[in-house]
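See below for the structure under consideration.
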Number of protein chains: 2
Amino acid sequence: MSRLRSYGQYCGLAQALEIIGERWALLIVRDLVLGPKRFTDLRTGLPRIPTNVLSARLKELEAAGVVHRRTMPRPSAAVAYELTAYGSELEEVVLHLGRWGAKSLGDPKPEDIVTIDGEVLALRATFKEDAARGANARHQLQVAEVIVHAIVNDGALTAGDGPLPDADLVMRTDALDGLKLLLSRDISATEAIASGLFTVEGSIAEFERFVDLFGADTQAATAPA
Amino acid sequence: MSRLRSYGQYCGLAQALEIIGERWALLIVRDLVLGPKRFTDLRTGLPRIPTNVLSARLKELEAAGVVHRRTMPRPSAAVAYELTAYGSELEEVVLHLGRWGAKSLGDPKPEDIVTIDGEVLALRATFKEDAARGANARHQLQVAEVIVHAIVNDGALTAGDGPLPDADLVMRTDALDGLKLLLSRDISATEAIASGLFTVEGSIAEFERFVDLFGADTQAATAPA
DNA sequence: CTGGATCCCTCACGATACTG
DNA sequence: CAGTATCGTGAGGGATCCAG
């Protein structure tokens, strides 16, 4: 970071922003929270990032001790980026900021895309542990082309990408905002199915439980202007 | 936010970054967490921010529902900026990020400044509630020209700027890194006084308690590279 | 004096093309 | 696959100016 562009304050927050305050940086961290990724994986998860910027951010994050660049053992010679222990401490902030931003996320614009990692993170971020005590569930969710799954095992969540062959609930929606309407409780689970917005394989009760586990709080959330 | 510069993802974190991801934005929020401020107050708290950027950020934050622009009643006609309820929800993130960044905050560089708000936020961020259960204390701290105070009342912290006339502990240090050495436990409270790094009015026991309340965890913290 | 607006310059970002 | 090279644009930085 050039001295001139520095915030020039001896302050933890300013230092944090010097590290992960640059454009794209925290989104890279977001994708790496879900596990090590290769350069190309990051590109596909962040389709609009220029490669030179991705390159630069990775170097900066590595220099700051947030990301570790690991060269795979032979014969692949592939390169993988993963969070260091220090970088992993950002997970809470990423989830918290994600929840905060989601509140002012309006209707999706046509050009908005949904990425696998974004969706998985959203599941993690909106998961309500107290509503899930002792629960067990195997859910698969498809939004447009993106397929992710959520496994709740005795109240503990494991969310990941890809399908879940033995899921007891499979949900599909084409419209990007279908999930938003459902999870923000603008429409009920029954309405979501009746309107054709969602196709569901599994019991309606299970579908409603999905909304309980991952939907908005029933009490009014703080809304932006 | 221009469409072209948008991250283009329908994702809570991306949305959060569209709002508070721009340069200086979160530092403005940091200063406003401590209470309403006028344009000039923000300038002095962020000495290196260009006024046009401050102007632009305030407008963006206002449009996003994070900041409210309040015109004071007569006769002052002054303008005050304050966080909305939505904006106030960022306090946890600001403190969390501040703690995270502080871990990789090296020795202060000569041009680094310490602001009042940064110092007060640091006190709030590093306060250890569990170490303070039922405690009462009135501390005044001076770092260079910056004077702040911390009041612990039955375990609850109130940190603010300015001196505390009836403090039972008054601490002073000239060097910017004096506080860092002490709170990172690189030197003990006794050493801090013996070396002349700190001048203290009050009992050494109280001074040690200050370190316990606001210092680094005794267990090894995750350190960056 | 506060609360900005305006101008100009630079550099980071963004898009595209290309390489080991 | 994993980046570098090149180049145009616009946001950020710094100084100055202006209205209430």
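Throughout, protein chains are lettered first and strands after them, A, B, ... in sequence-line order, and every chain is numbered starting at 1.
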Answer yes or no: does a side-chain N or O of [X] lie under 4.0 Å from OP1 or OP2 of [N]?
X: B:Arg69; N: C:dG4; answer: yes
X: A:Ser55; N: D:dT4; answer: yes
X: A:Lys59; N: D:dA2; answer: no
X: B:Thr40; N: C:dG3; answer: yes

Taking [atom1] from [X] and [atom2] from [N], how many angstroms apart are they, rounded to a whole number?
X: B:Asp41; N: C:dT2; atom1: CG; atom2: P; value: 9 Å
X: A:Leu17; N: C:dA12; atom1: CG; atom2: P; value: 17 Å
X: B:Arg57; N: D:dG13; atom1: CZ; atom2: C1'; value: 12 Å
X: B:Glu22; N: C:dA12; atom1: CD; atom2: P; value: 16 Å
X: B:Leu27; N: D:dG13; atom1: CG; atom2: P; value: 11 Å
X: B:Phe39; N: D:dG20; atom1: CZ; atom2: C1'; value: 15 Å
X: B:Leu58; N: C:dG4; atom1: CG; atom2: P; value: 8 Å
X: A:Tyr81; N: D:dA2; atom1: OH; atom2: P; value: 8 Å

### Message
From C-beta outward on A:Arg38, which listed nucleotide comes closest to its side chain: D:dG3, C:dA5, D:dC1?
### Response
D:dC1

### Query
Backbone N or O of B:Asp31 within a donor-acceptor pair of the B:Lys37 side chain at under 3.5 Å?
yes

Looking only at heavy atoms, which two atoms of [X] and [Y] are closest? And how far apart?
X: A:Leu197; Y: A:Thr173; answer: O-OG1, 3.0 Å
X: A:Glu119; Y: A:Leu179; answer: OE2-CD2, 3.1 Å
X: B:Val148; Y: B:Val120; answer: CG1-CG2, 3.5 Å

### Task
For the residue pair B:Asp186 and B:Ser184, confirm or rule out a side-chain donor-acceptor distance under 3.5 Å.
yes

### Summary
Only residue of A:Ile113, A:Asp112, A:Val146 satisfying side-chain contact (heavy atoms from CB on, under 4.5 Å) with A:Leu176 is A:Asp112

### Message
Generate the contact string for nucleotides 14-20 of chain C. Rules: B means base contact, S means sugar-phosphate contact only, - means no protein heavy atom under 4.0 Å.
### Response
BB-B---

### Query
Does a side-chain N-to-carboxylate-O contact under 4.0 Å join A:Asp117 and A:Arg30?
no

